[in-house]
Amino acid sequence: MSRNKDEPEGRTTVTQASERRGHDVKAAQERWQQYWAEHATFTPLDDGSAERRYVLDMFPYPSGDLHMGHAEAFVMGDVIARYWLLRGYDVMHPIGWDSFGLPAENAAIKHNSHPADWTYANIETQATSFKRYGLSLDWNRRLHTSDADYYRWTQWLFLRFRDRGLAYRRDSFVNWCPVDQTVLANEQVVAGACERCGAAVTKRKLNQWYFKITEYADRLLADMDDLADGWPPRVLAMQRNWIGRSTGAHVQFEIEGRDEPVTVFTTRPDTLYGATFFVVAPESDLADEICAPEQRAAFEAYLESTKQATEIERQSTDRPKTGVDLGVRATNPVNGEQIPVFAADYVLADYGTGALMAVPAHDQRDLDFARAFDLPVRMVVDTGEEDPATSGVATAGDGTYVNSEVLDGITGTEAGVARIVELLAERGTGEPATTYRLRDWLLSRQRFWGCPIPIIHCGSCGEVPVPDDQLPVELPDLRGADLQPKGTSPLASATDWVNVDCPSCGGPATRDTDTMDTFVDSSWYFFRYCSPGHDGGPFDPEDVRRWMPVDQYVGGVEHAILHLLYMRFFTKVLYDMGLVDFVEPMRRLLNQGQVINEGKAMSKSLGNGVDLGAQIDEFGVDAIRTTVVFAGPPEDDIDWADVSPGATLKFLQRAWRLADDVTAEVGADPSTGDVALRRVTHKTVHEVTQLIEEQKFNVAVARIMELVNAARKTIDAGAGDSGVGASGSGGAADPAAREAAEAVAVMLSLFAPYVTEEMWEKLGHQPSVARANWPTVDESLLVAESVTCVVQVKGKVRGRLEVAPDIDPAELERLALAEENVIRALDGRAVRKVIVKAPKLVSIVPA
Ligand code: ANZ
Ligand code: ZN
């Protein structure tokens, strides 16, 4: 433990000696960890004796030992879980590991070992650290998504999704990382580079498995109304944008040489008369199909050149527009005008219909393209701004229609859209339509360390699901095999595993060699916690009914989009399957901030990393936990350069000394104690309760610190006397000091579990403080301050009352007449008159 540097050497006073007293941090950590494990302190009873609450932290990936980020993420959930436990709820706070995934595989390749070895060794390291970190976790529900008895059910769920038409295969262009040799989801591509290795991402055509999440787009949007109270607004906004619902119309254009018309999606059908050209996505089948022979070579060269660009680059407005004329014409369905057709990469193949009508006057990207290719710009909405043809700036606002036949003279987009949609409907060339940014969820991965897709491919039967009673399809061991990515899954090399008899016809067949995106594993783990080890299904619906939805989910905002969207999708499908009776799995969501250092994210290259283990060795778990919480609101980032775990440790020792000093008996009546301290205690309990409910944990710590100071003052006020019988006047024997110390122990246990167990024991209570009762508030002690009211009988002072400054005169009169000394002074005589001058004086005149 570090010495107090402010303390002059060599001079020892009584207070300084007592300042040095403190509990043994390391011994306490070992002792109570063992106690909690032996007594299953944090295992819910699940017997209906108390209302259930489910607190869940986003489960960790076993990348190595815990780091400062975990310290913050997990302490927030722990504060909530411990608080609910103290409030008498039956709390479930489980833990597990999201243990499939690429890093394990890459580490195995690097160190010539097996992903399982690396994964499970890291899990053990993290588990030990979680236990030391004093988290109120129920270890009996522990799960690992890479265990066969977990992924058996991941596979089972996949097959149920497939039964419902929600899992399917198709060819598509996918993001491809040439280094990791795997498919990446859009969100795993950051600024055109692989999120993991930084390599430039390219496109590749592959036959892949998808979940049809788009079928749930509307429900994923609509059900967010239920989350408005419990989820951070910015997360809801991110989800909404990701789903990206757009309303407008589908409009059909005839294309030269093609029998069927081509449909475009537009949000502005009202600008149809301003469409001066037509654009299709270069990689779409349509482009390939309609391209005129004389333009074929140019088209193919262009197509090749677009494969490098990412989706974001392709859509960005400040990028020079490129494209190629396909040498055919499209016909505008409202005025019969013939317009040229281009392929250009600002049009995405998988948004809308992969084709658009270009209205350069009112869409900036179309205008940029028109200027680059010298195409006409025709204004059809007069907004009063300069004509886009001359200004180069597209106008998008409301205005009056011009050059638009049936629309001319109409004002306002809404009216314009309504009129044109009517016209299109009459002619059978268009209708209202809705489209989404959200794409189906690509779940195939060509990697080893993941959940095998339980499908068998048979030459005569096609795709055959592995029968339920043959699940799990276990990963082959592949120990010693080369896991180096080669574009096909390493599973393909396990020929004994791959070659199987078709479950349907018995003929020769092969297993699907893709594994699932790990987001599949993490989309249902919270259900499994309700039924640990259940082998009749992924979970027992009865268990889930009792515990879910989760009351509080805690995790990083980096999961604001995908993980949360996917688990919401899974829940809705399970609802449709009749397995759960709710559609949203998480009632409340808390996004904790990050721990940074010197203004920057911690990183190896910056050398500004702070090692959690070393911090704990130096200051102890309690000090680190409390420092993290005290640093700011849970959502904010913490700069470790600005905090002082040393000062926190001193505070915790001060708190401990209260318990060490108190001499009033257990159960001593606090109402005989120091009223001023009692007021502070009850006010603090009242405020801390509210602050915890509002998740303002940092302020709660500050309030508890003040209470520790107030209790210390009371104890020290009696330092001179023997301490015996000093009740009410301060000192260690004052029952109000005990009351304060007990309140500190219980409230502080949310943040500092070890020192408070020690305090609770010193205060003469049975362990565990985690299972104590949250202190109750005596409302009458909440008045801000009190005034002494003098009570006179026949002009003589007979009593004094401590009352609130704003006390009601009638109440004051009642209190005065009930005063013992006053009753004695009246001696049975009737009262003739009472003069009340609230709050200071009551004068009683007897008959
Ligand atoms: C004509 C038009 C006129 C458009 C106008 C906009 C303004 P949001 O709002 O994001 O849904 N579009 C359609 N399909 C596209 C694709 N595959 N790739 C790129 N852009 C596409 O965007 C819908 C609008 O984006 C559509 O409405 C279309 O351009 C374009 F004054 O049609 B609009
Ligand atoms: Zn077959």
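Numbering of residues begins at 1 and proceeds along the displayed sequence.
- Side-chain contact, Asn335 with Tyr273: no donor N or O sits under 3.5 Å from an acceptor N or O.
- Ring centroid separation for the pair Phe569 and Phe161 comes in under the 6.0 Å cut-off.
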*Trace of the ring pair (Phe, Tyr, Trp, His ring centres under 6.0 Å) decision for Phe277 with Phe369*: CA-CA 10 Å; Phe277 57 102; Phe369 190 90; 5.4 Å; yes
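- Between the CG atom in Leu565 and the CG atom in Leu438 there is a gap of 6.0 Å [rounded to 0.5 Å].
- Taking every heavy atom of both residues into account, Ile453 and Asp512 meet most closely at O-CB, 3.9 Å.
- The backbone N or O of Glu635 lies less than 3.5 Å from no partner atom in the side chain of Gln592, so there is not a single donor-acceptor pair.
- In this structure, Asp285 places its CG atom where only 12 or fewer heavy-atom neighbours from other residues, nucleotides or ligands lie under 6.0 Å away.
- Using cut-offs of 30° and 60° for the angle between ring planes, the Tyr168 and Tyr210 rings count as parallel.
- No donor-acceptor pair under 3.5 Å is formed between the side chain of Asp363 and the backbone N or O of Ala358.
- Under the 4.5 Å side-chain criterion, counting only non-hydrogen atoms from C-beta, Glu405 is not in contact with Val334.
- Thr214 and Tyr436 share no side-chain donor-acceptor pair at under 3.5 Å.
- Using a distance-only test at 3.5 Å, with no hydrogens or angles considered, no donor-acceptor pair links the side chain of Glu254 to the main chain of Thr331.
- Of the inter-residue distances, the one linking Ile410 atom CD1 with Asp270 atom CG reads 10.0 Å to the nearest 0.5 angstrom.
- Across every non-hydrogen atom of Ala394 and Pro360, the tightest pair is CB-O, 3.9 Å.
- In summary, Asp180 and Arg196 do not engage in a salt bridge, as defined by a charged side-chain N under 4.0 Å from a carboxylate O.
- For the atom pair CE of Met567 and NE2 of His559, the computed distance is 11.5 Å after rounding to the nearest 0.5 Å.
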*side-chain contact (heavy atoms from CB on, under 4.5 Å) between Thr271 and Met357: does it pass, once the steps are laid out?*
CA-CA 10 Å; Thr271 63; Met357 62 179 215; 3.8 Å; yes
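- In plain terms, the two heavy atoms of Asp637 and Gln594 that are nearest each other are OD1-N, 2.7 Å.
- No side-chain donor-acceptor contact under 3.5 Å links Ser305 to the backbone of Leu303.
- Expressed to the nearest 0.5 Å, how far CD1 of Ile596 lies from OG of Ser603 amounts to 12.0 Å.
- Side-chain N/O atoms of Asp368 and Tyr346 include no donor and acceptor closer than 3.5 Å.
- In Glu422, the CD atom is crowded: over 12 heavy atoms of neighbouring residues, nucleotides or ligands sit closer than 6.0 Å.
- In this structure a side-chain-to-backbone donor-acceptor pair under 3.5 Å is missing from Glu195 to Val190.
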*Apply side-chain contact (heavy atoms from CB on, under 4.5 Å) to Val595 and Met602, showing your working.*
CA-CA 8 Å; Val595 184; Met602 292 186 197; 3.6 Å; yes
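- A salt bridge is absent between Asp366 and Arg371; no separation between the charged side-chain nitrogens and carboxylate oxygens falls under 4.0 Å.
- Side-chain atoms of Arg258 come within 3.5 Å of backbone atoms of Glu260 as a donor-acceptor pair (strictly under, hydrogens ignored).
- Salt bridge status for Arg587 with Asp229: absent, with no side-chain N to carboxylate O gap under 4.0 Å.
- For the pair Glu337 and Arg378, the salt-bridge criterion is met [side-chain N within less than 4.0 Å of a carboxylate O].
- Between the side chain of Asp382 and the backbone N or O of Gly399 there is no donor-acceptor pair closer than 3.5 Å.
- Cys451 pairs with exactly one of Thr518, Thr515, Asp514, Asp521 by the side-chain contact (heavy atoms from CB on, under 4.5 Å) rule, that one being Asp521.
- Around OH of Tyr575, the count of heavy atoms belonging to other residues, nucleotides or ligands within 6.0 Å does not exceed 12.
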*Apply the test side-chain contact (heavy atoms from CB on, under 4.5 Å) to residues Arg245 and Asp218: give CA-CA distance (whole Å), side-chain angles for both, the deciding distance (0.1 Å), then the verdict.*
CA-CA 8 Å; Arg245 185 174 194 267; Asp218 268 330; 3.0 Å; yes
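- Closest heavy-atom contact between Leu227 and Met586: CD2-O, 3.5 Å.
- For the 3.5 Å distance criterion, the side chains of Thr411 and Thr400 qualify, holding a donor opposite an acceptor.
- In plain terms, the two heavy atoms of Pro340 and Thr276 that are nearest each other are CD-O, 3.6 Å.
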*Under the side-chain contact (heavy atoms from CB on, under 4.5 Å) criterion, do Gln208 and Gln446 qualify, and how do the steps go?*
CA-CA 10 Å; Gln208 306 276 298; Gln446 290 70 46; 3.4 Å; yes
*After noting the C-alpha distance and the side-chain angles of Trp209 and Phe158, does the key distance pass the ring pair (Phe, Tyr, Trp, His ring centres under 6.0 Å) rule?*
CA-CA 11 Å; Trp209 284 99; Phe158 171 90; 5.1 Å; yes
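- Ion pairing of Lys572 with Asp223 is present here, as a side-chain N (NZ or NE/NH1/NH2) and a carboxylate O approach within less than 4.0 Å.
- A salt bridge does not link Lys212 to Asp440: none of the charged nitrogens lies less than 4.0 Å from a carboxylate oxygen.
- Residue Ile255 is tested with Val280, Leu286, Val341 for a side-chain contact (heavy atoms from CB on, under 4.5 Å); the sole match is Val341.
- Contact check for Thr395 versus Val393: no side-chain heavy atoms found under the 4.5 Å cut-off.
- The aromatic rings of Trp441 and Phe211 lie perpendicular to each other, with more than 60° between the two planes, well past the 30° mark.
- Below 30°, between 30° and 60°, or above 60°: for Tyr351 and Phe265 the angle between ring planes is above 60°, a perpendicular geometry.
- Rounding to the nearest 0.5 angstrom, the gap separating the OG1 atom in Thr571 from the CH2 atom in Trp524 is 12.5 Å.
- The backbone N or O of Asp345 sits less than 3.5 Å from a side-chain atom of Tyr302, completing a donor-acceptor pair.
- Listed for the Asn403 side chain is no donor-acceptor partner under 3.5 Å among the backbone atoms of Val380.
- Atoms CZ and CG, from Arg296 and Leu326 in turn, are 9.0 Å apart once rounded to the nearest 0.5 Å.
- Ion pairing between Glu283 and Lys203 fails under the 4.0 Å rule for side-chain N and carboxylate O.
- For His362 (side chain) and Val381 (main-chain N/O), a donor-acceptor pair under 3.5 Å exists by modelled atom type.
- The two residues Pro282 and Ala343 make their nearest non-hydrogen contact at CA-CB, 4.1 Å.
- Counting only heavy atoms from C-beta outward, the side chains of Pro432 and Thr247 never approach each other to under 4.5 Å.
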